[in-house]
Peer 1: 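Mind having a look at this structure? Questions to follow.
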Amino acid sequence: MRLLYTSALIFYSLAVSATPWEKEKSPTRNSTSSIGSYANGCLDGAQALPINGEGYQIIRPQRERYYGHTEAIQFIERLGAITSEQLNTNLLVGDISLPRGGRFSSGHSSHQTGLDIDIWLRLTSKRLTENELAVPKPVSVVDLTNYKLRKSNWTDDHFQVIRYAAKDKKVVRIFVHPVIKQALCDQDSSDVNDRSWLGKIRPWWGHHSHFHVRLKCPEGSSNCIAQASPPKGDGCGYELASWAPKTVPEPHQKVAKKKKKKKVKVMPSQCLALISNQ
C-alpha cells in the first residue's frame with residue numbers, strides 16, 4: 001500500500017513540474033521536420049521507435065521519450081541490426097525525444113529536435129524483461145575517482161558498437177567520457193587515413209554509462225540549426241589530454257553552491273505553434 005502511495009506521489013510531482021512539451025502526449029500529423037537547435041528546438045511530425053526491435057530495446061518506456069526524427073529511428077534500426085548480426089549484442093536505447101520535441105523538466109538540455117539518442121553501455125545478448133526495462137540498472141565503464149577505464153566492464157563489443165555508430169554517415173558527433181575516448185583511440189589499429197571516425201567522438205563529462213549520438217540536420221528540415229563539424233583529425237592528441245585532471249583528487253564531500261538562474265531561451269516561433277498551452 002505504501003509503495004502504491006509513493007508511486008502515485010512521484011507521478012503527481014512529475015506531472016505538476018512537467019514542461020508544456022512533456023504534457024503533449026502525441027506527435028503532430030505533419031511531415032517530419034526538426035526545428036531549431038539541439039538544445040532549443042522542437043520536432044514536428046515525430047515518429048515513435050518500437051519498444052522492441054531487432055538488436056535493441058527501449059529502456060524506461062513509461063517516460064515516453066522514444067520519439068524522434070525519421071532519420072533517428074532509421075539510424076537506431078540500422079545500428080541494432082548490424083550489432084545483432086555481427087556481435088550478437090542487444091542495445092539498450094535511452095532517451096531520444098518527446099512526442100513534439102522541446103524541453104524536458106529534468107535530465108537534458110538537448111534532445112529537443114529528435115536527433116539526439118542515448119545508448120547505454122550495458123551490452124547484453126539477453127533480452128530484458130518488461131520489468132527490467134522499466135527499472136534498468138546502468139553499468140559504468142569508467143572508474144571516475146581514479147580517471148581510468150574499468151577494464152572488467154569494458155569489452156571489444158563496446159569498441160565495435162561505438163565505431164559502427166560513428167561510421168554512420170548521418171552521425172555528426174558522439175559524446176563519451178574522456179576516458180572512453182582515450183580507450184577508443186588506443187584500441188583503434190586502423191591505418192592513419194581511416195581514423196576519421198574518431199574525430200566524431202567528442203569527450204564530455206557524464207557519459208560513462210552511456211554514449212550520446214547526435215545526427216546531422218536532415219535534408220528537408222530547413223529550420224534545423226546545424227552544429228559545426230568537429231575539428232579535423234582524430235582528436236586523440238593534445239585536445240584529449242587536456243581533459244585529464246592534473247592530479248587525481250581524493251574523494252571529498254561536495255559543498256553545495258548556489259546555482260545562478262539561467263536565462264530561458266526564446267523558442268523558435270514554429271515550435272510555439274506545436275504546443276497547446278504556451
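Along the sequence shown, the residues carry numbers beginning at 1. These numbers come from the heavy atoms of this one structure, side chains and all, not from hydrogens, waters or symmetry mates. Please read these numbers as outputs of a predicted model, since none were measured by experiment.
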Peer 1: Identify the heavy atoms of P50 and E77 that sit nearest to each other, and give their distance.
Peer 2: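 Shortest heavy-atom contact: CD-OE2, 4.3 Å.
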
Peer 1: Kindly work out whether a path of hydrophobic side-chain contacts (I/L/V/M/F/W/Y, heavy atoms less than 4.5 Å apart) joins L79 to L92.
Peer 2: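 No; tracing contacts between hydrophobic side chains, which count when under 4.5 Å, never links both residues.
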
Peer 1: Using side-chain contact (heavy atoms from CB on, under 4.5 Å), reason through H69 and T113 one step at a time and then give a plain yes or no.
Peer 2: CA-CA 7 Å; H69 189 282; T113 59; over 6 Å; no

Peer 1: Are L87 and I174 linked, directly or through intermediate hydrophobic residues, by side-chain heavy-atom contacts shorter than 4.5 Å (ILVMFWY only)?
Peer 2: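 Yes; L87 is reachable from I174 via cluster members.
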
Peer 1: Give me the atom names and distance for the closest heavy-atom approach of L98 to L43.
Peer 2: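 Closest approach of L98 to L43, heavy atoms only: O-CD2, 4.4 Å.
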
Peer 1: Could you note down all residue pairs passing side-chain hydrogen bond (donor to acceptor under 3.5 Å, both in side chains) where residues 33-42 supplies at least one of them, sequence neighbours left out?
Peer 2: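 Every side-chain hydrogen bond (donor to acceptor under 3.5 Å, both in side chains) pair that includes a residue of residues 33-42, provided the two are not neighbours, is N40-R103.
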
Peer 1: Look up atom OG in S140 and atom NE2 in H177, then write down how far apart they are to the nearest 0.5 Å.
Peer 2: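 Atom-to-atom, S140:OG and H177:NE2 are 8.0 Å apart.
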
Peer 1: Please lay out, stage by stage, how Q47 and T32 fare under the test side-chain contact (heavy atoms from CB on, under 4.5 Å).
Peer 2: CA-CA 8 Å; Q47 303 296 308; T32 309; 3.5 Å; yes

Peer 1: For V139, check side chain to side chain contact (heavy atoms under 4.5 Å, CB included) against everything at least two apart and list the hits.
Peer 2: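 Counting only residues at least two positions away or on another chain, V139 forms a side chain to side chain contact (heavy atoms under 4.5 Å, CB included) with R122, N153.
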
Peer 1: K25: what forms a salt bridge (Lys or Arg N to Asp or Glu O under 4.0 Å) with it, not counting sequence neighbours?
Peer 2: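 Once residues adjacent in sequence are excluded, the partners of K25 under the salt bridge (Lys or Arg N to Asp or Glu O under 4.0 Å) criterion are E64.
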
Peer 1: State whether the number of non-hydrogen atoms from other residues, nucleotides or ligands found under 6.0 Å of Q62 atom CD is greater than 12.
Peer 2: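 Atom CD in Q62 is crowded, with more than 12 foreign heavy atoms closer than 6.0 Å.
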
Peer 1: Show, in sequence, the C-alpha distance, side-chain angles and deciding distance for K148 and V142, and conclude whether the side-chain contact (heavy atoms from CB on, under 4.5 Å) test is met.
Peer 2: CA-CA 6 Å; K148 65 180 183 180; V142 178; over 6 Å; no

Peer 1: Who are the side chain to side chain contact (heavy atoms under 4.5 Å, CB included) partners of R78, not counting sequence neighbours?
Peer 2: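 In terms of side chain to side chain contact (heavy atoms under 4.5 Å, CB included), with neighbours along the sequence ignored, R78 is linked to Q74, F75, D168, K170.
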
Peer 1: Report all side-chain donor-acceptor pairs from residues 229-236 shorter than 3.5 Å, counting only partners two or more places apart or in another chain.
Peer 2:
| residue | atom | partner | partner atom | Å |
| --- | --- | --- | --- | --- |
| D234 | OD1 | C236 | N | 2.9 |
| D234 | OD2 | R195 | NE | 3.1 |
| D234 | OD2 | R195 | NH2 | 3.2 |

Peer 1: Please check if the distance between the ring centroids of H108 and F104 is under 6.0 Å.
Peer 2: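 Yes: the rings meet the under 6.0 Å criterion.
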
Peer 1: Check for a donor-acceptor pair, side chain of D116 on one end and backbone N or O of H111 on the other, with a separation under 3.5 Å.
Peer 2: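 Yes: the side chain of D116 pairs with the backbone of H111.
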
Peer 1: Quick check: closest heavy atoms across G68 and I73, and the distance to 0.1 Å?
Peer 2: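 Closest heavy-atom pair between G68 and I73: N-CD1, 4.1 Å.
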
Peer 1: Answer whether the closest heavy-atom distance between the side chains of W21 and C271 falls below 4.5 Å.
Peer 2: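 When only atoms from C-beta onward are counted, C271 and W21 do touch, with a gap below 4.5 Å.
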
Peer 1: Just wondering, more than 12 heavy atoms not from W204 lying within 6.0 Å of its CH2?
Peer 2: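 No - once you tally the heavy atoms of other residues, nucleotides and ligands closer than 6.0 Å, there are 12 at most.
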
Peer 1: Can you get from I76 to L128 by hopping between Ile, Leu, Val, Met, Phe, Trp and Tyr side chains that sit under 4.5 Å apart?
Peer 2: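 Unlinked, I76 and L128 end up in two clusters.
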
Peer 1: Hydrophobic cluster membership, with links at side-chain heavy-atom distances under 4.5 Å among I/L/V/M/F/W/Y: are L215 and L49 in one?
Peer 2: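 Yes, L215 and L49 fall within the same hydrophobic cluster.
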
Peer 1: Ignoring hydrogens, what is the shortest heavy-atom contact between A48 and Y67? Give both atom names and the distance.
Peer 2: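 Smallest interatomic distance, heavy atoms only, reads CB-CE2, 3.6 Å.
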
Peer 1: Any non-hydrogen side-chain atom of L115 less than 4.5 Å from a side-chain atom of C224?
Peer 2: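 Sidechains of C224 and L115: in contact.
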
Peer 1: Can you measure from CD (Q187) to CG (L149) and round to the nearest 0.5 angstrom?
Peer 2: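 Answer rounded to 0.5 Å: 9.0 Å.
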
Peer 1: Going by heavy atoms in the side chains, are H208 and L144 under 4.5 Å from each other?
Peer 2: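 The answer is yes; the side chains approach within 4.5 Å.
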
Peer 1: Does a donor on one side chain and an acceptor on the other come within less than 3.5 Å for D44 and T28?
Peer 2: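 There is such a pair (donor and acceptor under 3.5 Å, judged by atom type) between the side chains of D44 and T28.
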
Peer 1: Do the side chains of V135 and I51 join up, straight or via other hydrophobic residues, at under 4.5 Å, putting them in one cluster?
Peer 2: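 They do not share one cluster, since no chain of ILVMFWY contacts under 4.5 Å joins V135 to I51.
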
Peer 1: Can you confirm whether the side chains of S17 and S105 place a donor and an acceptor under 3.5 Å from each other?
Peer 2: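 S105 and S17 do not have a side-chain donor-acceptor pair below 3.5 Å.
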
Peer 1: For the backbone of I82 and the side chain of S84, can you confirm whether one donor and one acceptor N or O come within less than 3.5 Å of each other?
Peer 2: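 Absent.
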
Peer 1: Pairs under 3.5 angstrom only: tabulate donor-acceptor contacts from the side chains of residues 159-167 to other protein residues two or more places apart or in another chain.
Peer 2:
| residue | atom | partner | partner atom | Å |
| --- | --- | --- | --- | --- |
| Q160 | OE1 | R163 | NH2 | 2.8 |
| Q160 | NE2 | D156 | OD2 | 3.3 |

Peer 1: Hey, does the side chain of Q182 reach the backbone of V179 with a donor-acceptor pair shorter than 3.5 angstrom?
Peer 2: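 Such a contact is absent between Q182 side chain and V179 backbone.
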
Peer 1: Any idea how F175 and H207 line up, ring-wise: parallel (<30°), tilted (30 to 60°), or perpendicular (>60°)?
Peer 2: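 Judged by the thresholds at 30° and 60°, the geometry between F175 and H207 is tilted.
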
Peer 1: Less than 4.5 Å apart, side chain to side chain, heavy atoms only: is that true for W120 and I59?
Peer 2: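 In contact.
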
Peer 1: How far does CD of Q112 sit from CD1 of I35, to the nearest 0.5 angstrom?
Peer 2: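 Here the rounded value is 12.0 Å.
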
Peer 1: With a 4.5 Å heavy-atom cut-off, do R65 and I96 have their side chains touching?
Peer 2: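 Heavy-atom side-chain distance check fails, nothing below 4.5 Å.
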
Peer 1: Going from CD on E24 to SG on C42, what distance comes out if it is rounded to the nearest 0.5 angstrom?
Peer 2: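 E24 CD to C42 SG: 11.0 Å, rounded to 0.5 Å.
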
Peer 1: Any side-chain heavy-atom pair from V176 and I201 closer than 4.5 angstrom?
Peer 2: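 SC-SC contact between V176 and I201 confirmed.
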
Peer 1: Restricting to non-hydrogen atoms, name the atom on S26 and the atom on P99 that form the minimum distance, rounded to 0.1 Å.
Peer 2: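 Taking every non-hydrogen atom into account, C-CB, 3.7 Å.
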
Peer 1: Which value, rounded to the nearest 0.5 Å, describes the distance between T83 atom OG1 and I119 atom CD1?
Peer 2: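 The CD1 atom of I119 is 8.5 Å from OG1 of T83, to the nearest 0.5 Å.
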
Peer 1: Measure the shortest side-chain to side-chain distance between L121 and H158 over non-hydrogen atoms and say whether it is less than 4.5 angstrom.
Peer 2: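 Answer yes - side chains close enough.
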
Peer 1: Side chains of S125 and T89: does their closest heavy-atom pair fall under 4.5 Å?
Peer 2: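 The answer is no, as the side chains (C-beta and beyond) never meet within the 4.5 Å cut-off.
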
Peer 1: Going from CD1 on I58 to CG on L91, what distance comes out if it is rounded to the nearest 0.5 angstrom?
Peer 2: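 CG of L91 is found 12.0 Å from CD1 of I58.
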
Peer 1: Which heavy atom of M267 sits nearest a heavy atom of G41, and at what distance?
Peer 2: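 Taking M267 first and G41 second, the nearest heavy atoms are CE-O, 3.2 Å.
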
Peer 1: Is there a donor-acceptor contact under 3.5 Å from the side chain of R214 to the main chain of Q227?
Peer 2: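 Not confirmed, R214 side chain does not pair with Q227 backbone.
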
Peer 1: Between K181 and E239, does any side-chain N to carboxylate O distance fall below 4.0 Å?
Peer 2: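 Looking at K181 and E239, the cut-off is not met.
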
